[in-house]
Colleague: 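Supplied in structure tokens, the structure appears directly below.
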Amino acid sequence: MQGTFPFTYKGFEEMILLLQQCNYHVANYHTWEKYDRPVILRHDIDNSVEKAVHLAALEKKLGVTSTYFVLLTSDFYNILSNQSQQWLHEIQSYGHEIGLHFDEKNYPDSFGDPVKSCKYICREAKLLEDVLGCAVTTVSMHRPSREMLESNLQIPGIINSY
């Protein structure tokens, strides 16, 4: 499979269509092992929940689902605002999963300490669960340190996307 796609909605759509033509199956972190040719689609919402809604709608139109990782400590959006919650629920209504996008830099006392990191991840996941009204079962690290990547962190009940 070859192709160069511009970083646009149209380029993304072309990439998905090519994956489908090449018999790849779009899966998620819970189902990928069931398929011979899985592709996991995931998006880190670093800046705009509203833009994520547009992408989620496009994916729904294309018949694929993905995981959207929400950063609770973003300077650009507030998951507790009514508008952000509406957008997150809209993403979910399209069949997508919402996961936690965890920024370890907000917890300097946890560097190199998997037990503390796990505690903070579980705390943020619980907060996100309370906002969404459903379980949060995946986490992705936001700009992880080498120590975080090498720790192969195991979080009870939550899949570490790394």
Side-chain angles (χ1 to χ4, degrees), residues 5-20 24-32 38-111 116-145 148-149 153 155-162:
F5 307 98
F7 193 68
T8 63
Y9 292 118
K10 184 68 176 156
F12 182 77
E13 182 175 358
E14 291 171 2
M15 180 190 70
I16 296 300
L17 292 172
L18 182 58
L19 286 169
Q20 291 170 332
Y24 283 90
H25 185 89
V26 175
N28 63 38
Y29 292 98
H30 304 281
T31 63
W32 69 271
V39 172
I40 296 174
L41 296 179
R42 46 109 15 117
H43 309 285
D44 298 344
I45 306 177
D46 289 351
N47 298 307
S48 174
V49 181
E50 182 179 15
K51 292 286 186 190
V53 171
H54 297 301
L55 189 58
L58 174 60
E59 288 174 327
K60 179 180 174 35
K61 179 185 119 184
L62 295 170
V64 298
T65 59
S66 60
T67 303
Y68 285 79
F69 289 104
V70 177
L71 188 60
L72 271 60
T73 56
S74 174
D75 291 330
F76 299 103
Y77 61 87
N78 177 357
I79 66 153
L80 297 178
S81 78
N82 187 42
Q83 184 61 74
S84 288
Q85 288 181 39
Q86 287 177 11
W87 284 328
L88 291 172
H89 288 300
E90 187 173 351
I91 291 169
Q92 287 179 302
S93 77
Y94 296 146
H96 304 295
E97 178 184 15
I98 303 290
L100 174 66
H101 196 35
F102 181 75
D103 188 352
E104 67 181 296
K105 291 165 192 70
N106 286 303
Y107 306 99
D109 66 319
S110 71
F111 287 155
K116 281 187 179 178
S117 293
C118 243
K119 180 183 93 171
Y120 291 128
I121 290 168
C122 289
R123 185 172 78 182
E124 284 197 12
K126 174 70 172 111
L127 176 60
L128 186 55
E129 287 176 356
D130 290 345
V131 168
L132 296 173
C134 66
V136 172
T137 57
T138 53
V139 65
S140 169
M141 306 308 162
H142 178 69
R143 299 180 182 159
S145 66
M148 178 65 84
L149 288 173
L153 197 60
I155 307 120
I158 298 176
I159 294 172
N160 180 347
S161 66
Y162 285 88

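What's counted below: heavy atoms across the whole structure, side chains too, no hydrogens, waters or symmetry copies. One-based numbering along the sequence shown.
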Colleague: Using side-chain heavy atoms (C-beta onward) and a distance below 4.5 Å, is Glu124 in contact with Val136?
Modeller: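 Side chain of Glu124 against side chain of Val136, heavy atoms only: no contact under 4.5 Å found.
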Colleague: For the pair Thr138 and His30, evaluate side-chain contact (heavy atoms from CB on, under 4.5 Å) and give the outcome as yes or no after the intermediate values.
Modeller: CA-CA 9 Å; Thr138 53; His30 304 281; 3.6 Å; yes
Colleague: Any side-chain donor paired with an acceptor under 3.5 Å for Tyr94 and Glu90?
Modeller: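 Short answer, yes.
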Colleague: Between Ile121 and Leu100, which heavy-atom pair has the shortest distance, and what is it?
Modeller: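 Residues Ile121 and Leu100, closest heavy atoms: O-CD2, 3.6 Å.
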Colleague: Which value, rounded to the nearest 0.5 Å, describes the distance between Ile98 atom CD1 and Ile91 atom CD1?
Modeller: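 Between atom CD1 of Ile98 and atom CD1 of Ile91 there are 4.5 Å.
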Colleague: Would a distance-only check, ignoring hydrogens and angles, find a side-chain to backbone donor-acceptor pair under 3.5 Å from Ser84 to Asn78?
Modeller: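 Judged by distance alone, yes, a pair lies under 3.5 Å.
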Colleague: If you take all heavy atoms of His96 and Ser66, which pair is closest and at what distance?
Modeller: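 Shortest heavy-atom contact: ND1-N, 3.0 Å.
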Colleague: Working to the nearest 0.5 angstrom, can you tell me the gap between Phe12 CZ and Leu62 CG?
Modeller: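 Here the rounded value is 7.5 Å.
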Colleague: Counting heavy atoms not belonging to Lys126, are there more than 12 under 6.0 Å from its NZ?
Modeller: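 12 or below, so no.
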Colleague: Please state whether the rings of His142 and His101 are parallel, tilted or perpendicular, taking 30° and 60° as the class boundaries.
Modeller: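 His142 vs His101 ring planes: perpendicular.
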Colleague: Could you walk me through whether Ile79 and Leu128 satisfy the side-chain contact (heavy atoms from CB on, under 4.5 Å) test, starting with their C-alpha distance in whole Å, then the side-chain angles of each, then the deciding distance to 0.1 Å, before giving a yes or no?
Modeller: CA-CA 8 Å; Ile79 66 153; Leu128 186 55; 4.0 Å; yes
Colleague: Ignoring hydrogens, what is the shortest heavy-atom contact between Phe76 and Asp46? Give both atom names and the distance.
Modeller: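 Heavy atoms only, the tightest pair is CD1-O, 3.6 Å.
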Colleague: Given Tyr68 and Leu88, is the side-chain contact (heavy atoms from CB on, under 4.5 Å) satisfied, shown in steps?
Modeller: CA-CA 9 Å; Tyr68 285 79; Leu88 291 172; over 6 Å; no
Colleague: May I ask you to decide if His54's main-chain N or O and Tyr9's side chain share a donor-acceptor pair within less than 3.5 Å?
Modeller: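 Judged by distance alone, no pair lies under 3.5 Å.
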Colleague: Any chance you could lay out the side-chain hydrogen bond (donor to acceptor under 3.5 Å, both in side chains) test for Gln92 and His89, step after step, and finish with the verdict?
Modeller: CA-CA 5 Å; Gln92 287 179 302; His89 288 300; 3.1 Å; yes
Colleague: Once rounded to the nearest 0.5 Å, what's the spacing between atom CG of Asp103 and atom NZ of Lys105?
Modeller: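 Those atoms lie 5.5 Å apart.
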Colleague: Distance from Leu17 atom CG to Glu13 atom CD, nearest 0.5 Å?
Modeller: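 The CD atom of Glu13 is 5.5 Å from CG of Leu17, to the nearest 0.5 Å.
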Colleague: Minimum heavy-atom separation for Ile158 to Ala125, with atom names?
Modeller: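 Result for this residue pair: CD1-CB, 3.7 Å.
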Colleague: Which distance, rounded to the nearest 0.5 Å, do you find between the OG of Ser140 and the CG of Leu71?
Modeller: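 Those atoms lie 10.0 Å apart.
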Colleague: Measure across Met148 and Ser117 and return the closest heavy-atom pair with its distance rounded to 0.1 Å.
Modeller: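 Shortest heavy-atom separation between Met148 and Ser117 comes out as CE-OG, 3.8 Å.
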Colleague: Could you measure the distance from the CD1 atom of Ile16 to the CG atom of Leu41? Nearest 0.5 Å is fine.
Modeller: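 Ile16 CD1 to Leu41 CG: 4.5 Å, rounded to 0.5 Å.
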Colleague: Apply side-chain contact (heavy atoms from CB on, under 4.5 Å) to the pair Gln83 and Val49, showing each step before the final yes or no.
Modeller: CA-CA 9 Å; Gln83 184 61 74; Val49 181; over 6 Å; no
Colleague: Phe102 and ring-ring contact (aromatic ring centres under 6.0 Å, His included): which partner among Tyr162, Tyr120, Tyr107?
Modeller: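 The single option meeting the ring-ring contact (aromatic ring centres under 6.0 Å, His included) with Phe102 is Tyr107.
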Colleague: Is it true that the side chains of Glu97 and Thr137 contain a donor and an acceptor less than 3.5 Å apart?
Modeller: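 A pair is found: one side chain offers a donor N or O, the other an acceptor, under 3.5 Å apart.
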Colleague: Can you name the nearest heavy-atom pair linking Met141 to Leu153, along with the distance?
Modeller: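 Heavy-atom minimum between the residues: CE-CD2, 4.3 Å.
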Colleague: Heavy-atom distance under 4.5 Å between the side chains of Arg42 and Tyr29, does that happen here?
Modeller: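 Yes, their side chains come closer than 4.5 Å.
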